[in-house]
Enquirer: 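Let me begin by handing over the structure; questions about it come next.
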Amino acid sequence: MSIKAQEVQTKQPVNSNQTLNDKSRPIFDVQDLNLWYGHDQALKNITFQIPEHGVTAIIGPSGCGKSTFLKSLNRMVELVPTVKTTGKVMYHNTDIFSHEMNLVELRSAVGMVFQKPNPFPKSIFDNVAFGARMHGIKNKKKLRELVEKSLREAALWDEVKERLHESALGLSGGQQQRLCIARCLAVEPEVILMDEPTSALDPSSTLKLENLIHDLKKQYSLIIVTHNMQQAHRISDKTAFFLNGEVIEFDLTTQMFTRPADHRTDDYINGRFG
Ligand SMILES: Nc1ncnc2c1ncn2[C@@H]1O[C@H](COP(=O)(O)OP(=O)(O)OP(=O)(O)O)[C@@H](O)[C@H]1O
Ligand SMILES: [Mg+2]
C-alpha cells in the first residue's frame with residue numbers, strides 16, 4: 001500500500017506548548033531526532049509534531065540546523081556521507097528511517113523547493129514533466145494534462161502557456177521559482193519542503209509566492225524555512241524556533257509572535273540577535 005494512503009495514528013501532542021484546541025493530526029511526528037555531520041552534532045533531541053495541511057515555519061539564526069532538519073524529513077541529508085542520525089521521524093505510521101520505508105516513494109511524497117530557483121536547462125514543459133516521466137508516465141495526453149494542472153496550481157500557467165517549449169532559463173527568477181514548485185507538484189507530493197523560497201526574489205515575486213503558498217496549504221502540508229519574521233508571521237499556522245540544533249519553542253504562530261514562552265524566542269523574533 002502507498003505510504004500516502006496509510007492511516008495516521010493520532011497521538012497526543014508530545015510538546016507541552018501545543019494548545020488544546022489544535023486538533024490537526026500530525027503529518028510528521030518527530031521523536032528525539034539527533035543528527036551529526038562527522039563528530040559535529042547539528043540536531044539535538046528534536047521532538048515535535050508537524051500538523052497535516054497548513055504551513056509550518058522554521059525560524060532561527062544562521063547555522064542552527066534549519067536546512068539540516070528540513071532535509072532530514074525526506075532523508076536528502078543522507079547524501080552527505082558523514083551524516084549519522086538517531087531517533088524517529090514517523091510519517092503517517094512508518095518511521096522514515098525503518099527498513100520498510102521506500103526512499104523513492106518518500107522523496108516523491110515529500111518534495112523540496114530550494115532557496116535558489118534551479119530549473120533544468122530544458123523547456124518549461126520538460127521541466128514539469130521530468131519527475132512524472134521518471135515515474136514512468138509516457139502517455140503524451142496524460143503528460144500534457146499533468147503539466148497544465150501543475151502549472152495552474154503553481155499560478156504560472158497563464159504566463160507560460162504560449163511558450164511551453166521555450167527554455168525555462170528564459171523565465172524571471174520569480175517565474176523560475178514557481179516553475180520549480182510546478183515541477184514538484186507534478187510528482188503529486190503530499191508534503192512540500194521549502195528552504196527560504198523567497199530569499200532570491202524581489203518584493204512583487206515574493207508576494208506572488210506567498211499568495212501561492214496560501215492556496216497550496218489547503219491541499220498540501222508545507223514546511224518553510226524563512227529568515228523573514230514578517231513572512232513567518234504572515235504565512236504560517238505554526239512556527240518552530242530553532243537555536244543551536246534544538247527546538248526552543250513550537251507553537252501556533254499567533255501565540256509565538258505575541259506571547260513567546262521563552263525569552264530567547266522573544267529576543268530572536270524581535271531582532272535582538274541572529
Ligand atoms: N554538508 C555538511 N557537512 C558538515 N557540516 C554541515 C553540512 N551542512 C551543514 N553543516 C553544519 O550543520 C550546522 C547546521 O547547518 P544548517 O545548514 O542546517 O543551518 P541553517 O539553520 O540552515 O543555516 P542558514 O540559515 O545559514 O541556512 C552548521 O554548523 C553547519 O556548519
Ligand atoms: Mg539553511
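If you read the sequence from its start, that first residue is 1, and numbering goes on from there. Counting convention: from 1, in listed order, for ligands and their atoms alike. Side chains included, hydrogens not; waters and symmetry mates left out as well; all remaining heavy atoms used.
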Enquirer: Against the six-membered ring of F120, is R183 placed for a cation-pi contact (under 6.0 Å from the centre, within 45° of the normal)?
Expert: yes
Enquirer: For residues F69 and F48, establish whether the separation of their ring centroids is below 6.0 Å.
Expert: yes
Enquirer: Judged by modelled atom types alone, do D215 and N211 share a side-chain donor-acceptor pair under 3.5 Å?
Expert: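 Short answer, no.
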Enquirer: Taking all non-hydrogen atoms of both residues, which atom of P117 and which atom of G173 are closest, and how far apart?
Expert: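 Here P117 and G173 meet closest at CG-O, 3.6 Å.
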Enquirer: Do the non-hydrogen side-chain atoms of Q177 and S205 ever get within less than 4.5 Å of each other?
Expert: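 The answer is no; the side chains never approach within 4.5 Å.
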Enquirer: Looking only at side-chain N and O atoms, does D195 offer a donor or acceptor that is under 3.5 Å from a partner on S67?
Expert: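 Looking only at side-chain atoms, D195 and S67 do form a donor-acceptor pair, the distance falling under 3.5 Å.
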Enquirer: Using 30° and 60° as the class limits, which term best fits the ring planes of H233 and F257: parallel, tilted or perpendicular?
Expert: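 Parallel, since the angle between the ring planes stays under 30°.
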Enquirer: Using a threshold of 4.0 angstrom between heavy atoms of the protein and any atom of ligand 1, which residues qualify?
Expert: Y37, A42, P61, S62, G63, C64, G65, K66, S67, T68, V80, E196, H227
Enquirer: Keeping waters out of it, list the protein N, O or S atoms under 2.8 Å from the Mg ion (ligand 2).
Expert: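 The answer is S67 OG.
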Enquirer: Just wondering, do I224 and P197 contact through their side chains at under 4.5 Å, heavy atoms?
Expert: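 With C-beta onward as the side chain, the pair touches.
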Enquirer: Should the pair E145-K149 be classified as a salt bridge under the 4.0 Å nitrogen-to-oxygen rule?
Expert: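 No salt bridge links E145 with K149.
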